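Following: one structure in structure tokens, then a few remarks.
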There are 2 protein chains.
Amino acid sequence: MRKSRPPALQKTAPVFAALGDPTRLRLIAALCAGGALSIAQLTAGTAITRQAVTKHLEVLADADLVHDVRHGRERLWELQPSRIDEARRALDAIAAQWDQALQRLKAFVERKPSS
Amino acid sequence: MRKSRPPALQKTAPVFAALGDPTRLRLIAALCAGGALSIAQLTAGTAITRQAVTKHLEVLADADLVHDVRHGRERLWELQPSRIDEARRALDAIAAQWDQALQRLKAFVERKPSS
DNA sequence: CTGACATGCAACCATGGAGTTGCATGTTAG
DNA sequence: CTAACATGCAACTCCATGGTTGCATGTCAG
């Protein structure tokens, strides 16, 4: 049985880190729009090198946000649905705590009108 | 009419980047739990220096996730509600596109049974 | 006023991330 | 077989980031 650890926020840091780069967000957007794309396709239209794109894709893959499929001489990349959902839940959790904290803070302030 | 473009994913990158560090996630968690805390309080119990904590707080502040309030000789930090909500909406947007992409892909695959 | 406490500031270091280039390898089309 | 195309691999540069230390400043308590 697993310890019902409430936060486990730390675990999600790598996912956020992977999402925290404009180039990678663009790759994700492209994959959202284009289904499975090859490295060459993902590189076309960008200002950066194919190698740079490859590295970014590997970062995303490490965070389980995308995965690759070999197809002949090409390597196609596509989205990994499950992980994004986890990230979203994590953000929801943070937001929930956030709200609680604000409620608490607000209550505290109101209960103590004059210093 | 404007193309209903998924509102500038790029814009949210800094927020994700700010969240993409375990130390910063811990600070956020601490602020969630503790309301407004001073730098010294946030430093206590961690393995890193007060200066390091200060720098992380400034990163979070740059992303508008927290803000500071001067209080005498102390500098108290507290959460900034609005931004997290934006990040959450961004993730929801990504997830929505994600789902659409998967639907489309699924439809495509099913329409083309034998290659 | 004076000491103790909470920070601010600046210089400095080390690492890792983002990007590049050059060359090797695998694959598909003629 | 061979040329062209899509990648893989490795070495190298550059700079932002995470962290440190040392010292200066502002502020509260007595």
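Order of the sequence lines fixes the chain letters, A, B, ..., with proteins taken first and strands second; residue numbering starts at 1 for each chain. Quick caveat: nothing in here was measured; it's all calculated off a predicted structure.
Rounding to the nearest 0.5 Å gives a distance of 10.5 Å between CG of L76(B) and NE2 of H67(B). The distance from the CD1 atom of I28(A) to the CG atom of L57(A) is 10.0 Å, given to the nearest 0.5 Å.
Between chain B and DNA chain D, the heavy-atom contact criterion of under 4.0 Å yields a 5' to 3' nucleotide range of dG18(D) to dC28(D).
Using a 4.0 Å cut-off on heavy atoms, the residues of residues 43-51 of chain B that approach DNA chain C are R50(B), Q51(B), listed by number.
Between the side chain of T12(B) and the main chain of V15(B), no donor-acceptor pair closer than 3.5 Å is present. R24(A) places a side-chain N or O within donor-acceptor distance of the main-chain N or O of A17(A), the cut-off being under 3.5 Å. Side-chain N or O atoms of T49(B) include none that pairs as donor or acceptor with a backbone N or O of A52(B) at under 3.5 Å.
Distance CG (L42(B)) to P (dA6(C)): 13 Å, rounded to an integer number of Å. To the nearest angstrom, P of dA18(C) lies 15 Å from CZ of R26(A).
Both D21(A) and R73(A) sit near DNA chain C, but only D21(A) has its closest nucleotide nearer the 5' end.
V66(B) has its side chain out of reach of E78(B): every pair of non-hydrogen atoms, C-beta onward, lies at least 4.5 Å apart. Put simply, the side chain of Q80(A) does not reach to within 4.5 Å of the side chain of L65(A), judged on heavy atoms. Using a 4.5 Å cut-off on side-chain heavy atoms (C-beta onward), L79(B) and C32(B) make contact.
Nucleic acid contact class of A40(A) (heavy atoms, under 4.0 Å, all strands): sugar-phosphate only.
Residue side chain K55(A) reaches the base of dG19(C) through a donor-acceptor N/O pair under 3.5 Å, judged by distance alone.
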